[in-house]
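Worksheet: the structure to be examined is printed underneath.
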Amino acid sequence: MSVDLQTVKKIASLARISVTDGDAQAMVPELNNILGWVEQLGEVDVSGIEPMTAVIPNTSRLRDDVVTDGNVRDKVLANAPQAEQGFFAVPKVIE
Amino acid sequence: MMTDLTNLTVAEIRDGFRAGDFTAREVAEGFNANVAAAKALNAFIVETPDKALDAADAADSARASGDLKPLSGVPIGMKDLFCTEGVQTTAASHILEGFVPTYESTVSGKLWAAGAGMLGKLNLDQFAMGSSNETSYFGNVISPWKRNDGGNAALAPGGSSGGSAAAISARLCPAATGTDTGGSIRQPAAFVGISGIKPTYGRCSRWGVVAFASSLDQAGPMARTVRDNAILLEAMSGFDPKDSTSLDLPVPAWEAGLSSDLKGKRVGIPQEYRVEGMPAEIDALWEKGIAYLKDAGAEIVEVSLPHTQYALPTYYIIAPAEASSNLARYDGVRFGLRDLPDGAGLQDMYAATRAAGFGPEVKRRIMIGTYVLSAGFYDAYYTQAQKVRTLIARDFDRAWESCDLLLTPTAPSAAFALGEKQADPLAMYLNDVFTVPASLAGLPAMSVPGGLDAQGLPLGLQIIGKALDEQGVLNAALAIEERAGFTARPDKWW
Amino acid sequence: MTESTYRIQGATGEWEVIVGLEVHAQITTNAKLFSGAATRFGAEPNTQVSLVDAAMPGMLPVPNRECIRQAVRTGMAIEAQINRWSRFDRKNYFYADLPQGYQISQLYHPIVGEGQIEVTLDEKDPDSATKVIGIERIHVEQDAGKLMHDQHPTRSYVDLNRSGVALMEIVSKPDMRSPAEAGAYVKKLRSILRYVGSCDGNMEEGSMRADVNVSVRRPGEAFGTRTETKNVNSVRFVMAVVEYEANRQVDVLESGGTIVQETRLYDPDRNETRSMRSKEDAHDYRYFPDPDLLPLELDDAFLAECRASLPELPDAKRKRYETALGLSAYNAAVLTAEAETARWFETLIAESARIQGKSESDVAKAASNWLLSELFGALNRLGKDLETSPVSPTQGAELLALVADGTLSGSLAKQVFEIMLETGDTAGKIVEEKGLKQTSDTGAIEAAAAQVIAANADKVEQYRGGKEALFGFFVGQTMKAMGGKANPKVVNEILKTMLG
Ligand SMILES: [Mg+2]
Ligand SMILES: [Zn+2]
């Protein structure tokens, strides 16, 4: 599998990173180089092998249903590029 | 005339301060001065001399009242991947420039609670992605080391914890935090001739640490001695209910458990780590390490980790995949950079912000990660990689049937010059060939200085242990440390 | 199980409608799925938000046990397979109401597998057909925040109070074939959730909303392409969407067009659906297991507690009301449709049985009739429901006991009940104070009857001449003379004797 310019642009758009044609062009061989190299994994026989789920065998701990957090609006909004009337503000979204 | 306090180890500072040989303030002032005089290394993104002094003053009054904590009097450096309340935290990225957390990471909080003071926030590869510290938005960290060839090339301190490595090596701090996703503590430690340990996955809480790859990220200490690492690791580790992957286990008394007597220990030498094209000097170092461990009473056995060659490509699927998702929150809405071109809509704002805020290596990894998770490719890349990861972990499990620890070189070369590998991402990735397998398996692993190469640059040896056997790892590293007698330090040129 | 005969009559023939529903139900909990922030409805913007919900750097999720427990109990209530091993996945996409840039959900290993729900197509009609709707799965996931568009001319505002609230997504199989079936399914599902207590079912506040998947086909042919109409928030709208979409699709197909698989939005004001262009951008969600979370394993003790804590469910309750309490199928169906009604009714009969010293089955019939006609009638009139009823089950039981022991006639009981509604007083007190007690005093009744007979000699003659229908007239007059308080049975007996 190798990526072409169109694919690179599609991936960049999926990742929400705007790229110029030049950026995208430059990424094609770079990404193909890396992808070509990782594709050697295809040669490993993994029949009957489960994908790893927990690196150190461990299962999920559950917390109690208690309100322990929140009411920290100032902290939540402290670093916002634009906060107004207790909200985060973003460019108008048309749904 | 008092000795230069900045040459002391953590243990020496702690003990000397307790004994009343000097005050914590004298220690802090000494390191603050070194930090201020070392701008050329670019090891710090933010310097916090006042924080170091405040903690020192608190330690001095605590000593007066007999109320000392384990790290009272010890100032340290904090990798700028740990969120620190009220102090800018950037992950060395433009996208987080100006971000001032309203919270403190669990690990840094534990260190402050243990009495340590903060000298500043240490530079790193952007979002911890890199092995040379050349991806930081705030500029390269320059290794304090120089080759002895007279060429004066600026060398890489390794990465991603390159600021930590350089600062410790240059005596800007006695110890620092690092984080290790694929070798980011061990490889820089090896490059600058210090020690660093990545504990078992889950020992140190990830809460409040800017995430790179969640299933791999682990915090750990970096310092000049094995004992210092044990001291720091004890303070950093422990169960955290705020991190679902945190291990609910007591923290062993690692410092008290230190012993370089390895009688009864079997140390495995994985044959697959003898990679093609490995410099003879690395091979020779490895042989020296074997001799040291034998001398300490260990039995040396040959072992096989058959899937070793697949570890790096496995890592370069899993880590970017996780990163592509972990870094989705940097979108210009709630914190950090916002780039809003004229007339841009929400989605345009995201794309512009992320294009302006992320550096090239971060973008590259997000692109790779996005691609391997995308429709039609997920199984071929990601699922396959997680299966191979199972096989890699199983290789270690099999090895533990015939040995207790593994000894390998930390990196396939000594420090390289800045710029030398930047053009070829793959060549850079190969730096982590020996460190990545233990990361994929979540195992504790440590780098300890083994000696110098012909150019006078440090080389590190890596000890890998069974899950939760940090003590075994520290002890083997101590045995090497005692025998290698590594005392070299960079000449001050900065 | 019956086959639906609902068809769209197109210009070119009949079309069958296929409906599948994905219902998002907010799990009733104090705190969010992965953070300790509160879930209360209607709080000030961004006050019920933790640093985790705002996806600050380094923040991590820790699952809430109650969310898992309620999803499992819900699964058990629909006889579904409970998966002892499940895990959370990330669904990646960028939107301002999604701070992490991904929703934590379950794609590959949901906590609940296949189950089923039996629906009655017309709950008011006990003989109406029933149908079993298959459930594909239930998974647990995070809700998103909220975007406001009206506060500012050029900006949208983001409120993260809902961000991270726990949802169950209940995915049906494409088993419904008409608007009525879709409506009945949503009602029954809501009823079950409320019985279980896993969701309050409040569709107006958004705690339950449906994604409606609709396609059409020629009867017997393969499924057509479906559209998904998002976030429909009432039973009526679900039915309207099915009807509108089915007809729209038939029109498109019959005029030679094709159906695009797309996301649509329902506009209740115009009763139509329209394509959501803003979300058309081909989604590739890049699902993968959330590496911040470990697999979820449920042990025996956890599952046993979930099962043991399940209440009697509507179907079982309905059957018991019919068989053990002897209620009519209609009464049983209406009383069990909502958990609140059944709860009220059960307190009523328990109290009735206690006061009257009888068994519940002895008092159930009268109690159910009173509840369904008198109480519901009154609540309807007052615009109230059982929760806000001015009369408690205990007060109702006291009233019923006074009827049962002959203290009150049916009509007196109605009068007393009206006063109870107005004043909140108990039946006993009202009877005592207003002297509304029914009388069986034969002397007084005989005297009244004698007066009535004397004053209506002509009618007496007609009655004795064979016009027996006039008997009711004498009863009515006598009762009137007694001020409504006479025992009707005694009046009847006395008049029979006196009129010969
Ligand atoms: Mg849906
Ligand atoms: Zn959903």
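Note on naming: letters A, B, ... go to the chains in the order of the sequence lines (proteins, then strands), and numbering restarts at 1 for each one. As a basis for the values below, the full set of heavy atoms in this structure was taken, side chains included, without hydrogen atoms, waters or symmetry mates.
Without hydrogens or angle criteria, C:Arg73 side chain to C:Val196 main chain gives a donor-acceptor distance under 3.5 Å. Under a 3.5 Å cut-off, the side chain of C:Asp211 and the backbone N or O of C:Asn231 do form a donor-acceptor pair.
Heavy atoms closer than 4.5 Å to chain A are found in both the backbone and the side chain of C:Ala38. With a 4.5 Å cut-off on non-hydrogen atoms, C:Pro291 does not touch chain A at all. Interface residue A:Val66: only backbone heavy atoms are found under 4.5 Å from chain C. For a residue to count as touching a neighbouring chain, one of its non-hydrogen atoms must lie under 4.5 Å from one of that chain's; by this rule A:Gln82 touches chain C with the side chain only. Using a 4.5 Å cut-off between heavy atoms, C:Pro289 makes no contact with chain A at all. In this structure, the portions of C:Glu44 lying under 4.5 Å from any heavy atom of chain A include both its backbone and its side chain. Contacts of C:Arg69 with chain A are absent, with no heavy-atom separation under 4.5 Å from either backbone or side chain. Within the 4.5 angstrom heavy-atom criterion, no atom of C:Leu298 approaches chain A. When heavy atoms are compared at a cutoff of 4.5 Å, C:Thr154 approaches chain A solely by way of its backbone atoms N, CA, C and O. There is no contact between A:Ala83 and chain C, counting heavy-atom distances below 4.5 Å.
Ring geometry for C:Phe88 versus C:Phe34: interplanar angle over 60°, hence perpendicular rather than tilted (30 to 60°). The aromatic rings of C:Tyr287 and C:Tyr108 lie perpendicular to each other, with more than 60° between the two planes, well past the 30° mark.
Residue with the most contacts toward chain A among C:Leu51, C:Leu293, C:Thr47, C:Asn64: C:Asn64 (heavy-atom pairs, distance under 4.5 Å). Taking A:Val67, A:Asn58, A:Val55 one by one and counting their heavy-atom pairs under 4.5 Å with chain C, the maximum is reached by A:Val67. In terms of non-hydrogen atom pairs under 4.5 Å with chain C, the most contact-rich of A:Asp69, A:Thr68, A:Val72, A:Asn71 is A:Asp69. Per-residue counts of heavy-atom pairs under 4.5 Å with chain C were compared for A:Leu77, A:Val76, A:Asp74; the largest is that of A:Val76.
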- request: Assess whether salt bridge (Lys or Arg N to Asp or Glu O under 4.0 Å) is satisfied between C:Arg90 and C:Asp290, documenting all intermediate values.
  value: CA-CA 5 Å; C:Arg90 291 183 183 178; C:Asp290 191 328; 3.2 Å; yes
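Side-chain atoms of A:Arg73 and C:Pro45, non-hydrogen and from C-beta on, do get closer than 4.5 Å to each other. Annotation: side chain of C:Asn92 is not in contact with side chain of C:Tyr285 (no heavy-atom distance under 4.5 Å).
Between C:Glu228 and C:Arg264 there is no salt bridge, since no side-chain N of the basic residue sits under 4.0 Å from a carboxylate O of the acidic one.
Atom CZ of C:Arg307 has 12 or fewer neighbouring heavy atoms from other residues, nucleotides or ligands inside a 6.0 Å radius.
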